[in-house]
Amino acid sequence: MTQMKDSPDITPWVREELKANTDLKYREFHKSLVPGLENLLGVRVPKLRQIAKTAARENYDQFADEANTEVYEELMIRGMMIGYGKMDDSRRKKELEAFIPLINNWGICDCCCATYKFMAKDPEKWFEFLIPYIHSDQEYLIRFGVVCMLDFFITDDFIDRVLELLEQIRHDGYYVKMAVAWAISIAYIKYPDKTLVLFTKNRLDDFTHNKAIQKIRESYRVPKDVKEMLKQMKRSVPRGQKEKSVPASQ
């Protein structure tokens, strides 16, 4: 990492770091994981986290104002900084409200959500913050709410409320359905009895129902007999409606 100067002009420093850590092979690989993504350099996420931590510490406001959000890595750093910067919750909410509408793919969404560990420190406040996103009609706003919930709110205090919200989601967006299935699979592993009701009472659409079961059955934390039981609960999907193949992380 390039040596920082006193009172750094942070935006040129960030761009120099991104250029120095560009990996063209990784760029091509990552493009295959995020359909439609073109404007990216190819910098790995651990390095982006290092850069974001430094930028947030040294000159948060400058990069927040100057980031080119058309560039994948700069948008990622812009979002990650919200988790790393020193600010009160009121400021953090404003920063999130400015950033969340810029999310345009699952990679930005999921990597930035994982950075928002502050939500676990005052969970009631942040759970309420997420609810309007769950009820949004925009694909990545909903995904943001769902992924934050699966990261920080599948707990004793929130599991009932999370499951209730997940079963209410009715959106045709592919990345919404994938996020809901992912969240349900995590919920099942931690709270199988509560989560099983979503399958036995048919509270999910066909795609989400089957994808959630698939993800649960892929987990090493689920016994073989339970996997077989869940397999019997999968729904038949008519020809022509088969789900497309995508990376498992989505």
Side-chain angles (χ1 to χ4, degrees), residues 29-37 103-111 113-114 127 130-131 133-156 158-250:
F29 168 73
H30 200 61
K31 282 175 64 176
S32 72
L33 297 180
V34 186
L37 185 62
I103 297 172
N104 56 14
N105 62 75
W106 69 264
I108 293 289
C109 178
D110 298 5
C111 290
C113 287
F127 189 81
L130 295 174
I131 290 175
Y133 293 100
I134 295 291
H135 293 313
S136 171
D137 61 359
Q138 297 183 46
E139 185 169 15
Y140 288 109
L141 269 62
I142 302 172
R143 186 175 175 104
F144 169 82
V146 172
V147 174
C148 283
M149 286 190 176
L150 77 86
D151 280 341
F152 305 111
F153 295 95
I154 298 182
T155 65
D156 291 352
F158 290 93
I159 183 60
D160 291 332
R161 282 178 278 178
V162 168
L163 292 176
E164 182 179 0
L165 287 168
L166 291 177
E167 71 172 88
Q168 291 174 8
I169 295 173
R170 294 291 183 271
H171 192 281
D172 289 335
Y174 180 74
Y175 295 100
V176 169
K177 292 179 183 292
M178 290 296 290
V180 173
W182 179 19
I184 290 170
S185 72
I186 299 299
Y188 183 87
I189 289 166
K190 296 183 70 174
Y191 300 95
D193 292 341
K194 289 178 179 289
T195 309
L196 186 63
V197 174
L198 273 63
F199 301 127
T200 59
K201 295 193 175 180
N202 297 316
R203 293 179 177 174
L204 305 169
D205 63 81
D206 290 346
F207 179 96
T208 306
H209 177 100
N210 286 347
K211 181 59 69 173
I213 289 175
Q214 176 189 325
K215 286 180 173 292
I216 296 166
R217 296 183 70 244
E218 289 170 351
S219 173
Y220 67 88
R221 291 177 286 178
V222 177
K224 184 176 180 180
D225 61 327
V226 174
K227 292 181 180 182
E228 288 303 311
M229 178 270 290
L230 289 168
K231 183 178 180 180
Q232 301 305 314
M233 298 178 68
K234 290 194 75 172
R235 299 175 187 162
S236 297
V237 179
R239 288 186 178 183
Q241 296 183 25
K242 297 292 185 182
E243 62 197 46
K244 61 182 177 180
S245 177
V246 295
S249 58
Q250 296 177 19

May I have the list of side-chain donor-acceptor pairs in residues 133-140 shorter than 3.5 Å, sequence neighbours left out?
residue: Ser136; atom: OG; partner: Gln138; partner atom: N; Å: 2.9
residue: Glu139; atom: OE2; partner: Tyr174; partner atom: N; Å: 3.1
residue: Glu139; atom: OE2; partner: Tyr175; partner atom: N; Å: 2.8

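In terms of heavy-atom proximity, Cys148 sits nearest to Leu130 at CB-CD1, 3.7 Å. A pairwise comparison of heavy atoms in Ala183 and Val146 identifies CB-CG1, 3.9 Å as the closest pair. Nearest heavy-atom pair across Val147 and Ala179 is CG2-CB, 4.3 Å.
Within the 3.5 Å criterion, the main-chain N or O of Phe29 finds a donor-acceptor partner in the side chain of Ser32. Remark: the backbone N or O of Lys234 is not paired with any side-chain donor or acceptor of Asn210 at under 3.5 angstrom.
Every side chain to side chain donor-acceptor pair (under 3.5 Å) that Arg161 has, sequence neighbours left out, goes to Glu124. The side chain to side chain donor-acceptor pair (under 3.5 Å) search around His171 returns none, not counting sequence neighbours. Residues meeting the ring-ring contact (aromatic ring centres under 6.0 Å, His included) test with Phe152, sequence neighbours left out: none. For Lys31, the side-chain contact (heavy atoms from CB on, under 4.5 Å) partners are Arg27, Glu28, Glu38, Leu40, not counting sequence neighbours. For Glu164, the side-chain contact (heavy atoms from CB on, under 4.5 Å) partners two or more places apart in sequence, or in a different chain, are Gln168. Every residue meeting the side-chain contact (heavy atoms from CB on, under 4.5 Å) condition with Ala187, not counting sequence neighbours, appears here in chain and number order: Ile154, Ile159, Leu163, Thr195. Under the side chain to side chain donor-acceptor pair (under 3.5 Å) criterion, Asp160 pairs with Lys194, not counting sequence neighbours. Remark: Arg203 engages Glu167, Val197, Lys201 in a side-chain contact (heavy atoms from CB on, under 4.5 Å) (not counting sequence neighbours). Listed by chain and number, the residues in a ring-ring contact (aromatic ring centres under 6.0 Å, His included) with Tyr191 amount to none (sequence neighbours excluded). Contacts of His30 classified as ring-ring contact (aromatic ring centres under 6.0 Å, His included), with partners at least two apart in sequence or in another chain: Tyr26, Tyr72. Tyr188 is linked by a ring-ring contact (aromatic ring centres under 6.0 Å, His included) to nothing, counting only residues two or more places apart in sequence or in another chain.
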Chi angles and distances behind the side chain to side chain contact (heavy atoms under 4.5 Å, CB included) call for Ile184, Lys211: CA-CA 10 Å; Ile184 290 170; Lys211 181 59 69 173; over 6 Å; no

Audit row: Leu165, Ile169, side chain to side chain contact (heavy atoms under 4.5 Å, CB included) steps and yes/no: CA-CA 7 Å; Leu165 287 168; Ile169 295 173; 5.9 Å; no

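Side-chain contact check for Trp182 versus Arg143: some heavy-atom pair is nearer than 4.5 Å.
Atom-to-atom distance recorded for Leu230:CG and Lys215:NZ is 14.5 Å, nearest 0.5 angstrom. Interatomic distance, Lys227 NZ to Ser219 OG, rounded to the nearest 0.5 Å: 6.5 Å. Distance check, rounded to the nearest 0.5 Å: OG1 of Thr155 to CE of Met149 gives 11.0 Å. For the atom pair His209 NE2 and Asn202 CG, the distance stands at 6.5 Å (nearest 0.5 Å). Separation of atoms CZ (Phe144) and SG (Cys113) is listed at 5.0 Å; rounding is to 0.5 Å. Atom CG of Leu204 and atom NZ of Lys177 lie 9.5 Å apart (nearest 0.5 Å).
Defined by atom type and a distance below 3.5 Å, a donor-acceptor pair is missing between the side-chain atoms of Gln232 and Glu228.
Enclosure of atom CG in Asp225 by more than 12 non-hydrogen atoms of other residues, nucleotides or ligands within 6.0 angstrom is indicated.
For the pair Asp205 and Arg170, the salt-bridge criterion is not met [side-chain N within less than 4.0 Å of a carboxylate O].
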